[in-house]
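Because only heavy atoms are used, hydrogens play no part in the values below, and waters and symmetry mates are left out as well, while side chains stay in.
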Amino acid sequence: MSTNTITDAFRVKPELEHQLATDCLWIVVTMNVDNGELVSLDYQNAFDECSRTACLRAEPSKPLHKGRIERFVSKLDREFLTKTNVTNLTDFYHDAYSYIATIRDEEGRVFL
C-alpha cells in the first residue's frame, strides 16, 4: 500500500546559516496526508530553488496540509532552531534529531 504524502522545503534563517558556516540550508519535511504523521525530516544544504520547485510541483497540495507543515516548522523554529548554539552541521544534525526524539509519541511517531 502506497502512502499519500506531501513534501515541502523551507530555507533556514540567514543568521543560522552564518552560525553553521554554510551558504544554504533547507529543512525538507514530508508528511503523510492521510493521518498527518511526519514521514521524514531532512536537512539539505544543496537544494536550490529549481530543484525545490520541480520536486514539490509533482505533488498535490491542499492548504490544510501545507498549513500543518508550516505550523510544525514554526514550532521547530521556536523550540530548536532559534535556541541552538552549535557551529557545525554535524552537531546541528545530531541536535535536530535529538529534538525530534523528544516530541515523538509512545510509538515513536510525530504528528503534525
Side-chain angles (χ1 to χ4, degrees):
M1 181 171 120
S2 69
T3 303
N4 188 15
T5 62
I6 182 173
T7 300
D8 207 347
F10 302 86
R11 189 165 178 187
V12 301
K13 295 176 181 173
E15 298 83 11
L16 182 56
E17 289 177 341
H18 179 73
Q19 176 182 324
L20 296 172
T22 186
D23 292 334
C24 184
L25 183 64
W26 293 84
I27 300 169
V28 182
V29 180
T30 303
M31 178 187 83
N32 179 327
V33 298
D34 297 327
N35 64 8
E37 184 177 357
L38 179 68
V39 174
S40 69
L41 175 68
D42 296 309
Y43 298 90
Q44 297 182 19
N45 59 356
F47 198 67
D48 62 39
E49 278 296 327
C50 293
S51 299
R52 179 180 188 269
T53 302
C55 170
L56 303 179
R57 274 211 183 123
E59 301 171 359
S61 175
K62 293 183 180 177
L64 172 66
H65 301 138
K66 188 156 176 63
R68 289 172 99 173
I69 291 174
E70 288 171 352
R71 282 191 304 279
F72 172 73
V73 170
S74 178
K75 178 181 177 178
L76 182 70
D77 184 44
R78 277 191 324 275
E79 296 179 2
F80 171 70
L81 297 174
T82 58
K83 296 179 180 182
T84 188
N85 295 321
V86 298
T87 57
N88 64 69
L89 288 173
T90 301
D91 291 341
F92 174 77
Y93 297 148
H94 177 269
D95 288 359
Y97 291 110
S98 294
Y99 166 75
I100 294 300
T102 68
I103 62 172
R104 292 188 183 282
D105 69 10
E106 58 279 350
E107 295 178 18
R109 301 171 301 180
V110 175
F111 290 95
L112 310 189

Q) Where is the tightest heavy-atom contact between N32 and V39, given as atom of each residue plus distance? A) N-CG2, 3.5 Å

Q: Taking all heavy atoms of L89 and all of L20, pick out the closest pair and write down the distance.
A: CD2-CD1, 4.0 Å

(Q) Grouping I, L, V, M, F, W and Y whenever their side-chain heavy atoms are under 4.5 Å apart, do L25 and Y97 come out in a common cluster? (A) yes

Q.
Which heavy atom of Q19 sits nearest to which heavy atom of V86, and what is that distance?
A. NE2-O, 2.7 Å

Q. Can you tell which of I6, T7, I27 makes a side-chain contact (heavy atoms from CB on, under 4.5 Å) with I69?
A. I6

Q.
Under 3.5 Å, is there a donor on one side chain and an acceptor on the other for R78 and S74?
A. yes

Q.
How long is the straight-line distance from OG1 of T22 back to CG of L16, given to the nearest 0.5 Å?
A. 9.5 Å

Q: Check whether more than 12 heavy atoms from other residues, nucleotides or ligands sit under 6.0 Å from atom CG of D105, and answer yes or no.
A: yes

Q: Indicate the atoms forming the closest heavy-atom contact of E17 with V12, along with that distance.
A: CG-CG2, 3.5 Å

Q: Indicate the atoms forming the closest heavy-atom contact of N35 with R68, along with that distance.
A: O-NH2, 4.1 Å

Q | SB check E15 K13 (cutoff 4.0 Å) | A | no

Q) Where do V110 and L41 land on the side-chain contact (heavy atoms from CB on, under 4.5 Å) test, with the steps shown first? A) CA-CA 10 Å; V110 175; L41 175 68; over 6 Å; no

Q.
If I take atom OH from residue Y43 and atom CH2 from residue W26, how far apart are they, to the nearest 0.5 angstrom?
A. 14.5 Å

Q | Spatial distance of atom CG (N4) from atom CE (M31) [nearest 0.5 Å] | A | 9.0 Å

Q. If two hydrophobic side chains count as joined below 4.5 Å and joins carry through other members, does Y93 share a cluster with Y99?
A. yes

Q.
Are V73 and I100 connected into the same hydrophobic cluster when the rule is that any two of I, L, V, M, F, W, Y join if their side-chain heavy atoms are below 4.5 Å apart?
A. yes

Q | Distance flag, aromatic centroids of F92 and F80, threshold under 6.0 Å | A | yes

Q) Which heavy atom of D91 sits nearest a heavy atom of N88, and at what distance? A) N-OD1, 2.8 Å

Q. Given F72, which of L112, D77, D8 fulfils the side-chain contact (heavy atoms from CB on, under 4.5 Å) condition?
A. L112

